[in-house]
Undergrad: 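Below is the structure I would like to discuss, written out as structure tokens.
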Amino acid sequence: MPEFGWNCQKRCDATRHPYWQPTQSPGRMLRQARDEFVQLLTEALETTGWSTDSLALEEPPEDVDAIVASSIAFRLASEAQRPPPAVAAELADAMELEGATYLSRVETAGPYLNAIPADIYFRDTLQAAIEADFGQLPKQDETVVVEHTSANPTGPIHVGRARNPIIGDAIARLLIAAGYEVDIHYYVNDAGRQMAVFTWAYETFDENDLAEPPSRDRIEYDLVRYYRKGNSFLEEASSDEVGEAEAEIEAIMQGLEAGDEETYKRVSEVTDQVLEGMKACLARLPATFDTFIKETNFMLDGSTDGVVSRLQALEEAVFEDDAWQLELEDHGIDKRLVFLRSDGTSLYPTRDIAHHEWKFEQYDRAVTVLGEDHKLQADQLRTALSLLGNDTSQLQQVLYSYVNLAEGRMSTRRGTGVDLDDLLDEAIERARSEVERRMDDRIRDDGLDEETVEQIANIVGIGAVRYDIVSKQPTKPITFEWEHALDFEAQSAPFVQYVHARCCGILDRVEEPVGDDLSAPSHPTERALCELLAMYPYVVEEAAKELAPHRVASYLQDLADAFNAFYRDCPVLDSSGEVRANRLALVRGTQTVVANGLDVLGVGAPEVM
RNA sequence: GGGCACGUAGCUCAGCCCGGACAGAGCGUCUGGCUUCUAACCAGAUGGCCGUGGGUUCGAAUCCCACCGUGCCCGCCA
């Protein structure tokens, strides 16, 4: 079978294949190969005169050499009045491969059409994968704001919420890798009743009223004790005392609603301090933000009032029990949305509408990561925004299921739960003892100093926690168990990180430049690894489309497996010539993809382990 | 009661959006592999009425309906 490809005349016939040229994009071999296959298949359908609504593309099984396949023959069998294998064979015959770059031929396997890559597919992949920015997709003309975490500034972040910053940060990173311009926001709920309670408690009680010292030397651990004290007081005190406290809390909320500067300052004193502590915790993950936008902004600038008037003017608005509400039954939501209390103050959803309109003004798309307990509110928000004339297709809400303890739910107010700081500490500790055990067990002569061990422990420990969460579908329920969360076995971050360290170990010993004189590798294990490298940009593209970072994790698992097989079968440093050049490129490519892929997940890639 | 999510090997999970090639991993259990480019690794064995029942289809873990189990929500809280 002759090898078609890059030196073929028909390739330059742009009038015949109008869109092949534009889809060519550096480093996106699989994307282009798929486009080519689609084109060939479409033309073959025209030739044969058959039609169907789907090309039935699929990923071929592992033991097949193809990189893309189709089961379209099944669909055409009745129209063609022939058995599927005959249909497949006819289609394969009708395909004119002369125009393709990355596909060398299309084979049939029974009813299946399998597209086999050309040698240049492998060579170009190697060439692309050794570039540091491999998998960074071309710039998109779309700005996105990713809002995540947005936890009430009431106290330490517990594990129940930890999914939010981890998934949110990974989604933001994924979108950046996919070429979007991304801002990351934290919406600070500083205007609600909770913060009024907190402010009152902070001003009312002092250290002597608190039962216990802070469990950690950081500001939010100190202050949360006032919040808890305030809440338990409201539950337990006499009705006179509670009445007095409630009056004060009500005064704070009215003050905020009226835009009173003094009240705002009192609340800010609490909010800002607690938030500083929470930021410090999030920075450990690390989850960082471009903007912390406060709820009170939308009260002070009058936009919440504006939203209220516009909502009141809607057909769906009803005034009942002295409160303004939205009747959303006709929109599939049988729970009314109250947007103005009988005392004239706004509610969280009202302000969130103003907040979202503000986001819509500045960004093309708004992604929000929310706990599943906010599902109803998310639906109400979307509907209300739509009724106010917004295009809600630009709003994407990603829901995750809360992390619970076996004994029940975690709560900042009640003080039940495991603090994220404690989980991270423990993870780092375990990682450190693993590193040390390995140093003792094995005479590696790594010469790891204290500082390096510390660094590895951090990257591996925190990476394991992040990876454990980000590698699963967000909607899957998780029950927190220490043993599980700290399981560093295979199919975890350390497994993937280890591959990176192995790559670094090899490349450290190499003097020559990597990337000269590359060709298509011949060893099956090399080719399998190379095919996986070629997939990476495609994986980023698909994962970003679905806002599903866990797909990147699954891919990295496969890549790590393939690399370990390669590591076993194909000596790199002991090889020479063309083989060595290719193998070095495979190592560099794997190193790059693992580092870039882990980076998308927000997980570090250590150079030694 | 209603709405939503989840149910795949003893355990933890991919696969489901967009139906197709024998349902894949890891952990566990059992066997084997370090004077070798890092054994946080690898090779092999073991293990599945894909919650249940129906439907659509040439073909269903995947789509539709019903049911069962679990979780979340159904505040003038956020």
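Atom set for the values below is all heavy atoms of this structure, side chains included, hydrogens, waters and symmetry mates excluded. Naming convention: chains lettered A, B, ... in sequence-line order (proteins, then strands); numbering from 1 in each chain.
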Undergrad: For B/A40, does either OP1 or OP2 sit under 4.0 Å from a side-chain N or O belonging to A/R437?
TA: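 False: A/R437 side-chain N/O out of range (4.0 Å or more) of B/A40 OP1/OP2.
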Undergrad: Could you check whether the side chain of A/S401 and the base of B/C72 have a donor-acceptor pair of N or O atoms closer than 3.5 Å, going by distance alone?
TA: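 No, no donor-acceptor pair under 3.5 Å.
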Undergrad: Once you apply a heavy-atom cut-off of 4.0 Å, does A/H550 come out as touching a base, just sugar-phosphate, or nothing?
TA: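 The answer is sugar-phosphate, as A/H550 gets under 4.0 Å only of primed atoms, P, OP1 or OP2.
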Undergrad: Between B/C77, B/G15, B/A43, which one does the side chain of A/Q473 approach most closely?
TA: B/G15
Undergrad: Calculate the interatomic distance between A/K476 atom NZ and B/C50 atom C1'; express it in whole Å.
TA: 11 Å
Undergrad: Ignoring the backbone of A/K335, work out which of B/C74, B/C73, B/G26 is nearest its side chain.
TA: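 Looking only at heavy atoms from C-beta outward on A/K335, the closest nucleotide is B/C74.
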Undergrad: Within the structure shown, what part of the strands sits under 4.0 Å from A/V587 by heavy-atom distance: base, sugar-phosphate, or nothing?
TA: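 Contact class for A/V587: none.
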Undergrad: Output the single nucleotide from B/C11, B/C17, B/A78 whose closest atom is nearest the side chain of A/E546.
TA: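 Per side-chain heavy atoms of A/E546, the pick is B/C17.
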Undergrad: Should A/Y567 be listed as having a side-chain N or O under 4.0 Å from OP1 or OP2 of B/A39?
TA: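 So the side-chain polar atoms of A/Y567 do come within 4.0 Å of the phosphate oxygens OP1 or OP2 of B/A39, strictly under.
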Undergrad: Touch check for A/V460, heavy atoms < 4.0 angstrom, all strands: base, sugar-phosphate only, or nothing?
TA: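 Touches a base.
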Undergrad: Regarding B/A40, can its base be found pairing with the side chain of A/E434 as donor and acceptor, where the two atoms are less than 3.5 Å apart?
TA: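 Answer is no: no donor-acceptor pair is held.
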Undergrad: Could you check whether A/C570 gets within reach of a base, just the sugar-phosphate, or nothing at all, counting any heavy atom under 4.0 Å?
TA: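 The residue A/C570 makes base contact.
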Undergrad: Searching all strands shown, indicate the nucleotide that pairs with B/C37 (Watson-Crick or G-U wobble; both distances under 3.5 Å).
TA: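 Result: none.
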Undergrad: Counting side-chain heavy atoms from CB outward, which of B/C76, B/C37, B/A5 is closest to A/R509?
TA: B/C37
Undergrad: Confirm from the modelled atom types if A/N114 and B/A21 form a donor-acceptor pair under 3.5 Å, side chain to base only.
TA: yes
Undergrad: With C1' as the reference atom in both, quote the distance from B/U36 to B/C41 in angstrom, rounded to an integer.
TA: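 Pairwise C1' distance, B/U36 against B/C41, rounds to 13 Å.
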